[in-house]
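Atoms within each ligand, like the ligands themselves, are counted from 1 in listed order.
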Amino acid sequence: MVSYKELGLVNTRKMFAKAVDGGYAIPAFNFNNMEQMQAIIMAAVETKSPVILQVSKGARNYANQTLLRYMAQGAVEYAKELGCAHPEIVLHLDHGDSFELCKSCIDMGFSSVMIDGSALPYDENVALTRKVVDYAHQYDVTVEGELGVLAGVEEEVSAAESHYTKPEEVIDFVTKTGVDSLAISIGTSHGAYKFTPEQCTVDPQTGRLVPPPLAFDVLEAIEKKLPGFPIVLHGSSSVPQDEVDTINKYGGALKAAVGIPEEQLRKAAKSAVCKINIDSDSRLAMTAAIRKALAEKPAEFDPRKYLGPARDSMKKLYIHKIVNVLGSNDKLENA
Ligand code: G3H
Ligand code: 13P
Ligand code: ZN
């Protein structure tokens, strides 16, 4: 058993309370490899932002759970080396799907876990989430639960249709489970294809697809039921069209990829939404930079020559999200 406190990590409790009060959101960026982790930490340090490093079940399988945990421990030391005396870094399990997985992460030094029982019948979601909370809280680890279903198909997270969170269920769920934060479904979804072209309109000036707005009425109804309670938004990539264009220009084939407009995320961040999950945008930035570097220098075979530009591009993206979308810059307690 390793306590996250020994690793210099923090849980989400204080961070979320401050974010809800201050009308901004904490970035939750997924990482699977060293370059992503370095880019996230550099961006967080430069902007003086708290940050959540998220590890999915797929990331654990890809990169090895032990390595990822040591990387997160390294991230704390790296942030200090970059000049941040008191970094606020959370190591969070993204979409945990069983008690055993959550327990394993808690025992390894994670400071926060998500138990995603959203696909289960309501009572089973409550029971599973309660079990994780009871275990996690013994070690001061915070827990995110989920109500409502996001559409989207990915390796470890899949659902054909979305179902908005029912505001009439949230008080009962939060009370019975004791969760520290609640992920909701208001129209976002995972991946780079969040809406079909049929769901969108076309901007006459640019010819780009414009997605339908998020269900802010559902968010408002949830906030009324749970005033000040930390709300989490998954599936919040914006799918930058310049990255999509670069990928396609250099041999990619991303057709009709559409994300959540940043304007809507800005609006959400000012509400009780205090954690915004972004993974796909980083994947797009990384892929675009690698494709470009390889296409422009076909004789290059030193991975540092294409992973380096990819890391620079992700860092730029993370800084942009922190400063221009979530507003979590300059929010460290002791910078
Ligand atoms: O919510 C899902 C995250 O984007 C993680 O995706 O399961 O492919 O690692 P993954
Ligand atoms: P995106 O696919 O929109 O980046 O969402 C990531 C996410 O919700 C991780 O849990
Ligand atoms: Zn998610």
Side-chain angles (χ1 to χ4, degrees), residues 12 25-33 36-37 39-40 51-65 67-68 71 90-98 101-102 105 110 112-119 143-159 162-163 165 181-195 211 214 230-241 243-244 247 254 257-262 264-265 268-269 273-288 314 317-318 320-322 325-326:
T12 58
I26 309 291
F29 297 132
N30 290 68
F31 84 110
N32 298 264
N33 58 57
Q36 277 179 317
M37 189 275 269
I40 294 168
V51 73
I52 299 173
L53 287 173
Q54 295 201 139
V55 171
S56 69
K57 190 176 168 183
R60 270 174 53 118
N61 292 341
Y62 173 78
N64 179 277
Q65 52 172 346
L67 265 181
L68 284 173
M71 280 171 77
V90 173
L91 177 60
H92 175 78
L93 169 66
D94 191 25
H95 294 284
D97 60 357
S98 68
L101 176 59
C102 292
C105 287
F110 280 56
S112 174
V113 293
M114 174 188 193
I115 177 68
D116 181 355
S118 61
V143 180
E144 174 184 327
E146 178 163 339
L147 264 185
V149 179
L150 274 70
V153 179
E154 293 188 3
E155 211 178 328
E156 305 291 346
V157 188
S158 79
S162 75
H163 301 284
T165 305
S181 60
L182 180 67
I184 60 164
S185 172
I186 55 166
T188 63
S189 59
H190 292 106
Y193 300 93
K194 299 192 187 298
F195 304 95
L214 297 179
I231 301 296
V232 177
L233 213 52
H234 282 248
S236 298
S237 277
S238 294
V239 188
Q241 293 300 302
E243 304 291 8
V244 173
I247 290 171
L254 297 183
V258 187
I260 311 296
E262 290 186 336
Q264 298 198 27
L265 298 172
V273 169
C274 65
K275 172 176 181 268
I276 291 193
N277 287 12
I278 296 171
D279 186 4
S280 298
D281 282 355
S282 162
R283 296 178 180 194
L284 290 166
M286 185 171 203
T287 302
M314 288 188 286
L317 171 95
Y318 295 134
H320 166 69
K321 296 289 178 184
I322 288 170
V325 185
L326 281 70

Problem set entry | Nearest to the Zn ion (ligand 3) - the N/O/S atom of H190, by atom name |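 The Zn ion (ligand 3) is closest to the H190 atom NE2, counting only N, O or S.
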Exercise. Restricting to N, O or S atoms of H234, which is nearest to the Zn ion (ligand 3)?
Worked result: ND1
Exercise. With a cut-off of 4.0 Å, which atoms of ligand 1 are near a heavy atom of S56?
Worked result: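 Counting atoms of ligand 1 from 1, those under 4.0 Å from S56 are 5 (C), 7 (O), 9 (O), 10 (P).
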Polar side-chain atom of [X] near backbone of [Y] as donor-acceptor pair, under 3.5 Å:
X: S56; Y: D94; answer: no
X: K194; Y: G259; answer: no
X: S185; Y: H163; answer: yes

Exercise. Do you know the tightest heavy-atom contact between S98 and L101?
Worked result: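 Scanning both residues completely, I find the closest heavy atoms to be OG-N, 3.1 Å.
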Once you restrict to heavy atoms under 4.0 Å, what part of [X] touches ligand 1? Side chain, backbone, both or neither.
X: N30; answer: side chain
X: R283; answer: side chain
X: H95; answer: side chain

Enumerate the atoms of ligand 2 whose separation from the nearest heavy atom of [X] is less than 4.0 angstrom.
X: I278; result: 4 (O)
X: H234; result: 8 (O), 10 (O)
X: H95; result: 10 (O)
X: N30; result: 9 (C)
X: H190; result: 2 (O), 5 (O), 6 (C), 7 (C), 8 (O), 10 (O)
X: K194; result: 1 (P), 2 (O), 3 (O)

Exercise. Which of these, S280, A183, S238, has its nearest heavy atom closest to atom 1 (P) of ligand 2?
Worked result: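 Answer by nearest heavy atom: S280.
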For this session: Check each of N32, L150, D279, I278 against atom 5 (C) of ligand 1 and report the one with the nearest heavy atom.
Result: D279
Are any non-hydrogen side-chain atoms of [X] and [Y] less than 4.5 angstrom apart?
X: D281; Y: S238; result: yes
X: P27; Y: I278; result: no
X: N30; Y: S282; result: no
X: F31; Y: M71; result: yes
X: Q54; Y: D279; result: no

Problem set entry | Whether R283 lies under 4.0 Å from ligand 2, heavy atom |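 Contact absent.
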Exercise. Which one holds for S56 and ligand 2: side chain close, backbone close, both close, or neither close, with close meaning a heavy atom under 4.0 Å?
Worked result: neither
Exercise. For H190, is at least one N or O under 3.5 Å away from an N or O on ligand 1?
Worked result: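 Yes; at least one N/O pair falls below 3.5 Å.
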Exercise. Who pairs with A257 by side-chain contact (heavy atoms from CB on, under 4.5 Å), at least two apart in sequence or on another chain?
Worked result: A192, Y193, V239, V244
Problem set entry | Mutual orientation of the aromatic rings belonging to H190 and H234 [parallel < 30°, tilted 30-60°, perpendicular > 60°] |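 Taking H234 first and then H190, their aromatic rings stand perpendicular (interplane angle over 60°).
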